[in-house]
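Chain letters run A, B, ... following the sequence lines, proteins first, then strands; residues in each count from 1.
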Amino acid sequence: MEYILRNKIAEAVRSLYNKDVDLNLIQIQKTRKEFNGDYTLIVFPLIRCSKNTPEKTAEDIGNFLINNLPAISEFNVIKGFLNLKISDKWWADYFKDFCFLDDIFLPCRVAKPEIILVEYSSPNTNKPLHLGHIRNNLLGYSLYKILKSCGHNVIKTNIVNDRGIHICKSMLAWLKWGNGETPESSGMKGDHLVGKYYVLFENEYKKQVEALMKQGVDEETARQTAPIIIEAREMLVKWEAGDTKTVEIWKMMNSWVYQGFDETYRKLGVDFDKIYYESDTYKDGKELVLKALDNKIFYKKEDGSIWADLTADGLDHKVLLRSDGTAVYITQDIGTAVVRHNDYKFDKCIYVVGNEQNYHFQVLKAILKKMGFAWADGLIHYSYGMVELPEGKMKSREGTVVDADDLIEEMINTARDVSLELGKLDGYSEEEKNEIFRKVGLGALKYFILKIDPKKNMLFNPSESIDFDGNTGPFIQYTYARIRSVMRKAIQNKIDPDPELLQSAQPNAKEIELIKLIKKFSETVTESAVTYNPANIANYCYELAKEFNQYYHDYTILGEKDPVTRNFRLMLSDRIAFVLSEAMGLLGIEMPERM
RNA sequence: GGUCCUAUAGUUCAAUGGAUAGAACGGAGGUUUCCUAAACCUUAAAUCCAGGUUCGAUUCCUGGUAGGACUACCA
C-alpha cells in the first residue's frame, strides 16, 4: 500500500508541478492516533517542487489522490501534514483476503534467501548456565525463527568452549577434593556439580594469592606463581599433549555438564542443528595460524609466541599462540570460523555474543580478512547488552549470578501460585495444569527478556518478581486463551465460522483498527528480520493484544444477534488469535488454550 | 590514558528527523446479573547539561557530566 501511495504521489507531483521527484523525498508514515487518517504524507520536503505553501501543496496532492486512487476515501490537511484515509471497504476486503491466506508469513519472504548460520549459547563447560545465557539463548533462537520465517536457510549452531584453562580448574579441584563424587552419588545436576568445583578452585586460588602477597610478593606475580594455577597450567599442557588420564577425566566431567545443559535447553525450548566443540576446532586454528606465519602474515616474538599486527586496521597487536605453543581463545575462533565455512558455505554467520566481546570480534574479522578469507565480511557480531543486577554486573566468581535452572523453576512456581489463586483451572488434570503453568511461567520470562531492545543492557531485580500483569507475556497469552474459549463456545453452540458470510460484513471503527494491526504483522516481521530485533515483535504482540482486549470488553461476539456481524467478529477474533500465536512463536513463546 | 556503548515519569521499557514523547508496574479512583477481572476505564508523573545542523531534534553532530564494557600468553 505504501509503495502504491509513494508512486501515486510521485505521479501527482509530476502532473501538478511538472517535476520529477526523488522517491526518498516522499515521506509516508502511519497517521498518529490523534488524527483522522491511515497514512500521512509529510509535505515539507515537497514544497520546493510546488513552490507553494505546505497547506496548498497538501491540498492539491490530496485532491489528485482522491481522484486517482479509489482506495483513498478522504483526506485532511493539518499544517504540513496530509492525512489520507483508506476506505473501510478496502480494509474489509483486505481482511477477507487475509482469511484465505494459509501461510501468513508469505508477505515476509525475501527475494534472495541466504544461508545463515546463527551461533548462540556458547557455554563454557565449567559452570551452569545463568541469566545472561538465557538472554543469549532466547535472542539466538528467536533470531533463527524470524529469519527462517522470511525464507532464509538458517542453521542453529552452538560452539561449546570445552577446552582451556577454565576447564582444567574444575578438573583439578575435583581431583583434589572430589573423592570421586559424581552426579549420581551427589544427586546434583551435572553442570552444577562441575560448577561447584570451579568455585572451590577459585576460592583456593584466591587464598594462595593472598598468602603470597602477605609475604611481600606483588599481586601480578602472585597470580602467576600461585602453586594451584601452575598446576592448572601444567594440566592444560598435558591435555593438549593428549595425556590419557587427563583426557579421560575431561571427557567424564564434560559429559556430566552436557547432560545438565541438555536439560536446561530443553526446559527453555531451544535446540541446535549442529554443535561445534572447540576441542575439535582449536587444532585447525593452530594450523591455520602456523601456515599464515609461514606466509609472513603473522610474526613470531623471541619467546616463541605468535602475533598478528593489526595496527593498520586501527587495532592492536594480538597474540595467537602462547610461547608454550598452546592456543588462546581467538585461535579456536579462527579455526571454528573456517571449519564452519567449509561445512556450510554460509552467506552470513551471526554470532550471538554479548557486547563485552565487541573488540574480540573486530579482531577476529580483521584477522580472517588478513588471512585472505573474503567471506569474513559475512561474519556478524550480534552484540547484545548485559543483564545487570541492581548491584551491578553478574559475576560467577563472586556468586552474584542468577542461575538459569533456578529462575525457570521459580517462574513456573509463580505461574502456579497466580493461577491457583485465581482458580480458573478447576476440573483440569494435574498434567494439563502443569503444562499451563510451564507455558505461562516461561512466557513471562521470555517476554520479559525479549521485549527489551537487544543491544541495550537490561536490569533484572531478583527481589521484584517478574510481572504477570500489564505488558507481559501472560497478558498476551491471556488474550489468546480468551479467544480460544470463545471459539470453543461457538463450536458448542453450533456456530461455525463461514468465510462466505464475510462478503457483506461491515466492520465498525474498532474492527478496522484491528484489521490495520493484522496488516502490520508482516511489516513487523520483515523489519525485525532486517534489524535483528525480536523486541519489535514483542511490542507488536502487546499492541495487538491490548487493542483486542478493548474490543472484547466493548463488544459482544457470540451475543451479537446479526449473523453476518457475529460471523465476522468470530472470524476476526480467530484470526487475531492465530496472528498472536504465530508472532509469539517467533519469540519461542507457546500459547495455552486456557489459563 | 585509548576505543566503544548507554542516559526518557518514582521504577522497568517504547518512540524510520515530524504533529500534544507512548506503555507497564507502583500511586489515586472507578467497572463484574454480560463470550475468562491475568481484563477494561479515569487520573497525577519524564527527554542529563550546553552548543550546533534543520522548516522541525528524544532521535543527527560537537563538547561536557554520569554510568557501563573492552583495552590478558583469561574465556
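- Comparing B:A19, B:U36, B:C41 by their nearest atom to the side chain of A:Thr40 picks out B:A19.
- A:Tyr198 carries A:Lys127 over the face of its six-membered ring, with the cationic atom under 6.0 Å from the centre and within 45° of the normal.
- Applying the Watson-Crick and G-U wobble criteria (two distances, each under 3.5 Å), B:C55 pairs with B:G18.
- When heavy atoms are screened at a 4.0 angstrom cut-off, A:Ser573 is found touching no nucleic acid atom at all.
- Using P as the reference atom, B:A9 and B:A15 are 15 Å apart when rounded to the nearest Å.
- In the set B:A19, B:U12, B:A39, the nucleotide with an atom closest to the side chain of A:Thr31 is B:A19.
- Among the protein residues, A:Asn83 comes within range of the nucleic acid bases, having at least one heavy atom under 4.0 Å from a base atom.
- Heavy-atom contacts from other residues, nucleotides or ligands closer than 6.0 Å to NZ of A:Lys206 number 12 or fewer.
- Between the C1' atoms of B:C40 and B:U65, the separation comes to 44 Å (whole Å).
- One C1' atom belongs to B:A46, the other to B:A21, and the distance between them is 9 Å to the nearest Å.
- Out of B:C40, B:A7, B:U36, the shortest distance to the side chain of A:Arg594 is found at B:U36.
- Nearer to the 5' terminus of RNA chain B, by closest-nucleotide assignment, is the contact made by A:Lys79 (compared with the other of A:Arg482 and A:Lys79).
- At the heavy-atom level, A:Asp554 lies nowhere under 4.0 Å from the strands shown.
- Comparing B:C13, B:A24, B:A75 against the side chain of A:Asn471 picks out B:A24 as the nearest.
- Here, B:U8 and B:A57 have their C1' atoms 14 Å apart, quoted to the whole Å.
- The side chain of A:Gln29 approaches B:G18 more closely than any other nucleotide in the set B:U36, B:A75, B:G18.
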### Query
Between A:Tyr480 and A:Glu593, is a side chain to side chain donor-acceptor pair (under 3.5 Å) present by the stated rule, with each step listed?
CA-CA 7 Å; A:Tyr480 176 83; A:Glu593 291 298 303; 2.9 Å; yes
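- Phosphate proximity of B:A75 to A:Arg322: present, with a side-chain N or O under 4.0 Å from OP1 or OP2.
- The aromatic ring of A:Phe475 is not stacked on the base of B:A39, since the criterion of ring centres less than 5.5 Å apart with planes inclined by under 30° is not met.
- With a cut-off of 3.5 Å on both Watson-Crick or G-U wobble distances, the partner of B:U33 is given as none.
- Taking side-chain N and O atoms only, A:Lys169 has no distance below 4.0 Å to OP1 or OP2 of B:C74.
- Rounded to whole Å, the distance from CD on A:Gln357 to P on B:A69 is 14 Å.
- Residues A:Arg233 and A:Gln224 bring a donor and an acceptor atom of their side chains to less than 3.5 Å of each other.
- Across the P atoms, B:G2 and B:G63 are found 12 Å apart, a figure rounded to whole Å.
- Between the C1' atom of B:A19 and the CD1 atom of A:Ile42 lies a distance of 9 Å, rounded to the nearest Å.
- We find that the ring of A:Tyr542 and the base of B:A23 do not stack by the test of centres under 5.5 angstrom and planes tilted less than 30°.
- A side-chain donor-acceptor contact under 3.5 Å links A:Asn76 to the backbone of A:Asn36.
- A:His317 and A:Tyr299 have perpendicular rings, their planes meeting at more than 60° on a 0 to 90° scale where under 30° would count as parallel.
- By the criterion of a centre-to-centre distance under 5.5 Å and near-parallel planes under 30°, the ring of A:Phe44 forms no stack with the base of B:G56.
- Taking atom OH of A:Tyr478 as the reference point, atom P of B:A24 lies 16 Å away to the nearest angstrom.
- Among the atoms of the strands shown, only primed sugar atoms or phosphate atoms (P, OP1, OP2) are found under 4.0 Å from some heavy atom of A:Val319.
- For the OP1/OP2 pair of B:C41 and a distance below 4.0 Å, the side-chain nitrogens and oxygens of A:Lys546 include at least one atom meeting the criterion.
- Rounded to a whole Å, the CG atom of A:Leu450 is 14 Å from the C1' atom of B:C13.
- Atom CZ in A:Arg569 sits about 15 Å away from atom P in B:C35, given to the nearest Å.
- Rounded to the nearest 0.5 Å, atoms CE (A:Met411) and CZ (A:Phe468) are 4.0 Å apart.
- Proximity note for A:His166 (side chain, C-beta onward) versus B:C40, B:A75, B:G18: the nearest is B:A75.
- Of the charged side-chain nitrogens involved, none lies within less than 4.0 Å of a carboxylate oxygen, so that A:Glu421 and A:Arg416 do not count as a salt-bridged pair.
- B:A69 is paired with B:U3 under the Watson-Crick or G-U wobble criterion, all donor-acceptor distances under 3.5 Å.
- In this structure, A:Thr556 does not reach the B:C34 phosphate: none of its side-chain N or O atoms is under 4.0 Å from OP1 or OP2.
- For B:A7 and B:C49, the C1' atoms lie 12 Å apart once the distance is rounded to whole Å.
- Distances shown here put every side-chain N or O of A:Gln27 at or beyond 4.0 Å from the OP1 or OP2 atom of B:U16.
- Shown here, B:A46 forms no base pair; nothing in the strands shown gives a Watson-Crick or G-U wobble contact with both key distances under 3.5 Å.
- Separation of the P atoms belonging to B:A72 and B:U3 is 15 Å when rounded to the nearest angstrom.
- Note on A:Ala481: a base of the nucleic acid sits closer than 4.0 angstrom, heavy atoms only.
- Side-chain N/O atoms of A:Asn254 and A:Thr125 include a donor and acceptor closer than 3.5 Å.
- Among B:A75, B:A14, B:G18, the nucleotide with an atom closest to any side-chain atom of A:Ile452 is B:A14.
- The side chain of A:His553 approaches B:C40 more closely than any other nucleotide in the set B:U36, B:C25, B:C40.
- Distances shorter than 4.0 Å separate none of the side-chain N or O atoms of A:Lys318 from OP1 or OP2 on B:U71.
- Between A:Met595 atom CE and B:A39 atom C1' the separation is 11 Å, expressed in whole Å.
- A:Tyr555 comes within 4.0 angstrom of a nucleotide base, judged by non-hydrogen atoms across all strands.
- Pairing for B:A24 is with B:U11, a Watson-Crick or G-U wobble pair whose two hydrogen-bonding atom distances lie under 3.5 Å.
- With B:G18, B:U36, B:C74 as the candidates, the nucleotide lying closest to the side chain of A:Ile165 is B:C74.
- Rounding to whole angstrom units, CG of residue A:Leu25 and C1' of B:C55 are separated by 14 Å.
- The side chain of A:Ile557 has B:C35 as its nearest neighbour among B:A75, B:C35, B:C70.
- A cation-pi arrangement is absent between A:Lys300 and A:Trp307 under the rule of less than 6.0 angstrom and at most 45 degrees off the ring axis.
- Residue A:Tyr3 contributes atom OH, which lies 24 Å from atom P of B:U16 at whole-angstrom precision.
- Here, B:G18 and B:G51 have their C1' atoms 23 Å apart, quoted to the whole Å.
- Both A:Ser323 and A:Tyr551 sit near RNA chain B, but only A:Tyr551 has its closest nucleotide nearer the 5' end.
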